[in-house]
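Since the model is a prediction, treat every value here as computed from it, not as a measurement. Numbered from 1 within each chain, the chains take letters A, B, ... in sequence-line order.
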Protein chains: 4
Amino acid sequence: MIERAPAQSPRADMVRNRQLLLTAATEAFAEGGVDVSMGEIAQRAGVAKGTVFRHFPSKDDLLAAITLRLLDGLVGTAERLLKADDAGAALREFMTAGVETLTADRAFCEVIGRPSLQHAEVRAEIARLCDTVEALTARAREQGAVRGDITGTDVVLLLGGIHQTAAPVLDQQPQAWRRYLELAFAGLFATGARALPHHPPAGLHLTDPRQSARPAGGSPPSPARRRQEVTTTKGHTD
Amino acid sequence: MIERAPAQSPRADMVRNRQLLLTAATEAFAEGGVDVSMGEIAQRAGVAKGTVFRHFPSKDDLLAAITLRLLDGLVGTAERLLKADDAGAALREFMTAGVETLTADRAFCEVIGRPSLQHAEVRAEIARLCDTVEALTARAREQGAVRGDITGTDVVLLLGGIHQTAAPVLDQQPQAWRRYLELAFAGLFATGARALPHHPPAGLHLTDPRQSARPAGGSPPSPARRRQEVTTTKGHTD
Amino acid sequence: MIERAPAQSPRADMVRNRQLLLTAATEAFAEGGVDVSMGEIAQRAGVAKGTVFRHFPSKDDLLAAITLRLLDGLVGTAERLLKADDAGAALREFMTAGVETLTADRAFCEVIGRPSLQHAEVRAEIARLCDTVEALTARAREQGAVRGDITGTDVVLLLGGIHQTAAPVLDQQPQAWRRYLELAFAGLFATGARALPHHPPAGLHLTDPRQSARPAGGSPPSPARRRQEVTTTKGHTD
Amino acid sequence: MIERAPAQSPRADMVRNRQLLLTAATEAFAEGGVDVSMGEIAQRAGVAKGTVFRHFPSKDDLLAAITLRLLDGLVGTAERLLKADDAGAALREFMTAGVETLTADRAFCEVIGRPSLQHAEVRAEIARLCDTVEALTARAREQGAVRGDITGTDVVLLLGGIHQTAAPVLDQQPQAWRRYLELAFAGLFATGARALPHHPPAGLHLTDPRQSARPAGGSPPSPARRRQEVTTTKGHTD
DNA sequence: TATGAATGAGTATTCATTCAT
DNA sequence: GATGAATGAATACTCATTCAT
């Protein structure tokens with residue numbers, strides 16, 4: 001109902017809308033977490049609700065797309081830093097970038113933090129991130145810049161942990177994460193410290209959540225659950 | 001639907017139900033986060049929905065009750081450890097207990113992590129926890145067991161951070177948090193490390209969420225939002 | 001579930017649905033009073049519950065829309081009659097139309113009758129009605145057709161009163177209101193009668209109900225009451 | 001659980017409670033209308049909810065009991081006035097008392113106004129009231145104090161109408177009903193006025209609402225409706 | 001392709017009523 | 001008889017998703 005400039009290709013508009021949506025959704029989720037409604041995102045992007053669903057068949061797909069963009073960014077950063085001379089400094093820089101990213105995006109944390117929220121693609125990208133960061137970490141280990149028992153997966157996991165440490169005071173002290181990042185560095189670079197217990201996680205090669213059903217005591221998965229398999233963890237029963 | 005012990009007084013059943021509810025709710029929230037419905041909790045506890053509301057007039061009250069139990073436990077632990085000789089070991093023990101507690105309860109983290117989810121009582125108890133832990137930390141500092149720039153609030157915040165670090169692999173490796181706890185200790189006890197940047201948070205003396213409205217760019221607060229001021233952050237639109 | 005005329009634009013259906021809803025709601029409220037549920041209205045209109053809320057974001061809005069339609073009709077009638085030569089006859093005609101309207105709609109009375117049920121818009125329209133009717137009445141007074149101490153607000157109030165007089169026998173004698181209307185005329189046009197006591201109401205310029213809390217003796221306003229500020233007056237306890 | 005003074009007879013307490021309840025309920029309903037909850041009434045009376053139900057098996061029964069008391073009062077007043085010399089003045093006095101009673105009790109109006117809210121006993125008492133008032137009116141007619149075409153049922157109905165006229169301004173002008181009562185007198189006593197149209201209602205000998213089902217278009221009476229047959233008119237659907 | 005109206009399952013919460021103590 | 005805990009149907013309202021235009 002609103003005219004659009006006749007763009008170069010018929011697809012130009014679609015591409016534009018996709019960008020608009022990703023931007024709006026990133027912002028919206030960042031501010032409000034995964035519970036922000038599709039309607040609000042549509043509105044922020046200035047498109048109709050139907051358009052959101054044309055581009056992303058479900059809310060989960062949209063969440064996945066956004067998360068992937070962020071993960072890609074981190075992977076890119078890690079890859080770039082792989083070329084730096086000082087591997088310790090590179091690791092520092094990567095982690096700083098990583099925590100900053102998380103701090104800006106609440107939804108990202110929620111998605112990353114809950115296995116049940118994850119798309120296959122996201123899981124794959126997480127694996128890629130872990131691999132790249134493992135390379136980064138390996139170099140730092142070899143250069144003696146980090147303690148020897150630290151893995152790439154540790155580093156990736158720490159990103160979320162450091163962010164979470166500062167999260168409760170985020171409103172009052174938006175930079176507090178820097179404090180806890182430094183504290184983590186102190187641990188990470190404490191080459192003389194006592195060895196870490198418990199073997200390092202094998203990576204975040206998370207299993208498909210659909211296979212790890214309710215551990216115990218739950219009711220059978222109601223049919224109404226079918227929709228929303230991924231987004232919601234709302235158990236329910238009735 | 002559930003057998004009942006032939007209790008002596010009508011209160012006996014009520015007490016039992018309250019316990020049943022707290023247990024069921026703790027479990028349910030731990031598994032599914034704060035979005036688990038009251039209906040599911042009722043069912044898990046084997047009572048009718050109305051019974052949940054008789055015991056906890058609103059979902060927030062239930063959440064608060066659960067959270068308070070956990071916080072009380074932590075405060076108790078901290079108080080007990082205040083009497084230990086070795087303040088460093090005491091701090092270690094407190095943090096171990098703390099992270100373990102968190103690991104058992106996802107909702108706890110969500111409630112603690114989001115100022116907007118908090119009851120006045122919960123905020124008060126958090127303050128109390130911070131104070132007690134500050135005392136614990138002060139002793140450790142004085143004994144030279146921890147670096148000098150660590151506060152009690154730092155310690156409390158770290159509990160959530162350490163837990164979060166391991167959370168993504170919780171299903172596969174339920175003990176992974178021990179690894180990151182030790183790593184945190186390495187940072188905390190690294191007395192020679194470089195000073196932490198950014199002054200320590202003043203405590204978790206969180207402000208009343210009703211005063212810190214949506215920061216920016218949001219949609220106008222729909223009137224229907226009025227309900228549920230505390231629990232939900234769900235935006236919506238259409 | 002219901003046949004639809006093959007309309008030209010998507011709006012056609014929407015308009016139709018809006019009409020369907022207003023009609024169904026008017027009927028439903030007329031029969032059952034304001035306590036009829038939104039679900040029943042949806043069903044009567046042959047639409048889903050969500051559709052009702054798309055058109056009228058809350059029950060109050062629906063009630064207000066219906067009431068406004070009726071008020072508008074009355075204002076229109078009054079304005080038209082302002083041009084008549086015989087002001088007394090015009091007033092008679094207006095009142096006849098008014099009572100007839102009310103008789104067709106119970107909810108209208110409940111909404112008009114209770115200050116606490118009112119939308120700002122409804123209050124404004126009531127004020128407009130009073131003003132127009134005051135003009136009508138003033139002319140009748142000047143022409144000596146009505147007693148001198150009758151105001152427009154009196155006339156508007158009488159509409160509800162006359163309707164109410166006949167309401168208990170509405171089912172058995174749907175035209176009984178004509179009898180009481182005539183009786184009211186006899187009072188109104190009784191120019192020689194003794195003066196009315198108590199000064200006339202200043203108009204129905206009702207105050208915002210949120211400022212006039214429970215007068216006395218009540219229970220403390222439960223927080224859960226916040227929702228539904230307008231529609232319900234349901235106290236509760238337990 | 002609370003000791004009570006060992007009253008004369010074992011029933012003394014019951015009688016007391018019944019009074020307490022009737023008083024509390026009258027007040028509560030007067031203030032809040034029929035939607036006040038049984039819980040609130042119990043609380044106001046200082047008894048437990050169960051006690052309310054022991055005395056009045058359902059909310060309708062309680063409502064009926066209260067309404068009967070008021071009706072009884074009116075019948076008593078009418079009977080007393082039957083002995084007065086000046087029948088016109090007696091009628092005036094009766095109506096004044098009647099409207100005043102109504103004005104003090106919102107629930108009474110709701111119950112009287114809606115056939116569907118009525119108990120058989122209430123209907124019988126209304127009939128008795130009509131009869132008594134008919135006698136009162138007949139005397140006034142015979143004395144030429146009222147116009148000849150006015151019946152006792154007219155008078156009873158007018159009570160509600162006059163009250164309703166002033167109801168919308170009740171908060172601001174609690175005495176406004178006197179104005180409309182006088183206006184009604186002017187009509188009633190206007191012996192020279194034109195004859196009233198439409199034959200007078202045969203009385204309020206209302207039919208059992210259960211026999212006059214939904215007139216048209218409604219949904220089938222849901223089984224869940226069975227309870228609450230009288231009180232609620234809440235249709236519902238889903 | 002974009003739109004936005006319609007859908008309908010889901011949520012928290014209320015309240016009359018029942019029943020064990 | 002009194003108590004108050006438990007019940008469960010009902011209600012207003014939300015939101016992901018579908019589908020006609």
Side-chain angles (χ1 to χ4, degrees), chain A residues 1-2 4 10-11 13-14 17 35 37-40 42 47-54 57-59 224 227-228 231-232 234 236 238, chain B residues 4 7-14 17 35 37-39 47-55 57-59 222 224 227-228 231-232 234 236-238, chain C residues 4 7-14 17 35 37-39 47-55 57-59 224 227-228 231-232 234 236-238, chain D residues 1-2 4 10-11 13-14 17 35 37-40 42 47-55 57-59 222 224 227-228 231-232 234 236-238:
Chain A
M1 202 157 257
I2 281 186
R4 297 184 182 283
R11 307 301 162 89
D13 244 42
M14 239 186 74
N17 271 345
D35 283 342
S37 79
M38 292 298 263
E40 170 154 358
V47 303
K49 254 194 313 192
T51 304
V52 185
F53 284 89
R54 168 166 297 278
S58 80
K59 189 172 179 176
R227 244 189 341 174
Q228 301 236 355
T231 291
T232 331
K234 297 182 186 181
H236 89 289
D238 201 357
Chain B
R4 298 181 184 286
Q8 283 115 324
S9 95
R11 309 306 166 114
D13 246 45
M14 207 186 106
N17 270 342
D35 283 342
S37 81
M38 293 297 264
V47 302
K49 254 190 305 193
T51 303
V52 185
F53 286 92
R54 159 169 287 276
H55 287 271
S58 79
K59 190 171 181 176
S222 106
R227 213 183 9 162
Q228 299 235 351
T231 294
T232 329
K234 296 186 185 178
H236 88 287
T237 314
D238 196 352
Chain C
R4 298 181 184 285
Q8 282 114 329
S9 93
R11 309 305 166 113
D13 246 44
M14 207 185 106
N17 269 344
D35 283 342
S37 81
M38 292 299 263
V47 303
K49 253 190 306 197
T51 304
V52 186
F53 286 93
R54 158 169 289 276
H55 287 271
S58 79
K59 190 172 180 176
R227 207 180 18 155
Q228 298 238 354
T231 292
T232 329
K234 297 185 186 180
H236 88 287
T237 315
D238 197 345
Chain D
M1 201 157 259
I2 280 184
R4 297 183 184 284
R11 307 300 161 92
D13 245 41
M14 234 186 82
N17 272 344
D35 284 340
S37 81
M38 292 298 263
E40 169 154 359
V47 304
K49 254 194 312 191
T51 304
V52 186
F53 283 90
R54 167 166 296 278
H55 287 273
S58 78
K59 189 173 181 176
S222 105
R227 250 191 334 177
Q228 300 236 350
T231 291
T232 331
K234 296 185 188 179
H236 89 287
T237 315
D238 198 338

Quick check for you: among F:dA16, E:dT13, E:dT17, whose closest atom lies nearest to any side-chain atom of D:S58?
E:dT17
Picking from E:dT3, F:dG8, F:dC13, the nucleotide nearest the side-chain atoms of A:T51 would be E:dT3
If a pair means Watson-Crick or G-U wobble with both distances below 3.5 Å, what does DNA chain E look like in dot-bracket form, with | marking bases paired to a different strand?
.||||||||||||||||||||
Roughly, in whole Å, what's the span from CG in D:D35 to P in E:dT13?
21 Å
Quick one: closest heavy-atom pair of A:V52 and A:M38, and the distance?
CG1-CE, 3.6 Å
Please name the pair of heavy atoms, one in B:N17 and one in B:H55, separated by the smallest distance, quoted to 0.1 Å.
CB-NE2, 3.9 Å
Which of the following nucleotides, E:dT11, F:dA6, F:dT3, is nearest to the side chain of B:M14?
F:dA6
Looking at the side chain of A:M38, which of F:dT3, F:dA16, E:dA6 is the nearest nucleotide?
F:dA16
Picking from F:dA16, E:dA2, E:dT17, which would you name as closest to the side chain of A:N17?
E:dA2
From the candidates F:dG4, E:dA2, F:dA2, the one with an atom nearest any side-chain atom of A:R54 is E:dA2
Straight-line distance of B:D35 CG to B:K59 NZ, nearest 0.5 Å:
6.0 Å
I need the NZ-P distance between D:K59 and E:dT18, as an integer number of Å.
15 Å
Of all the nucleotides listed (F:dA12, E:dA16, E:dT3), which has the minimum atom distance to the side chain of C:F53?
F:dA12
For the side chain of C:K49, counting heavy atoms from C-beta on, which of E:dT3, E:dG10, F:dT3 is nearest?
E:dG10
Atom pair distance, as rounded to whole Å: CD in A:E40 and C1' in F:dT17
18 Å
Let me know, please, whether B:H55 or D:V52 comes out on the 5' side of the other along DNA chain F by nearest nucleotide.
D:V52
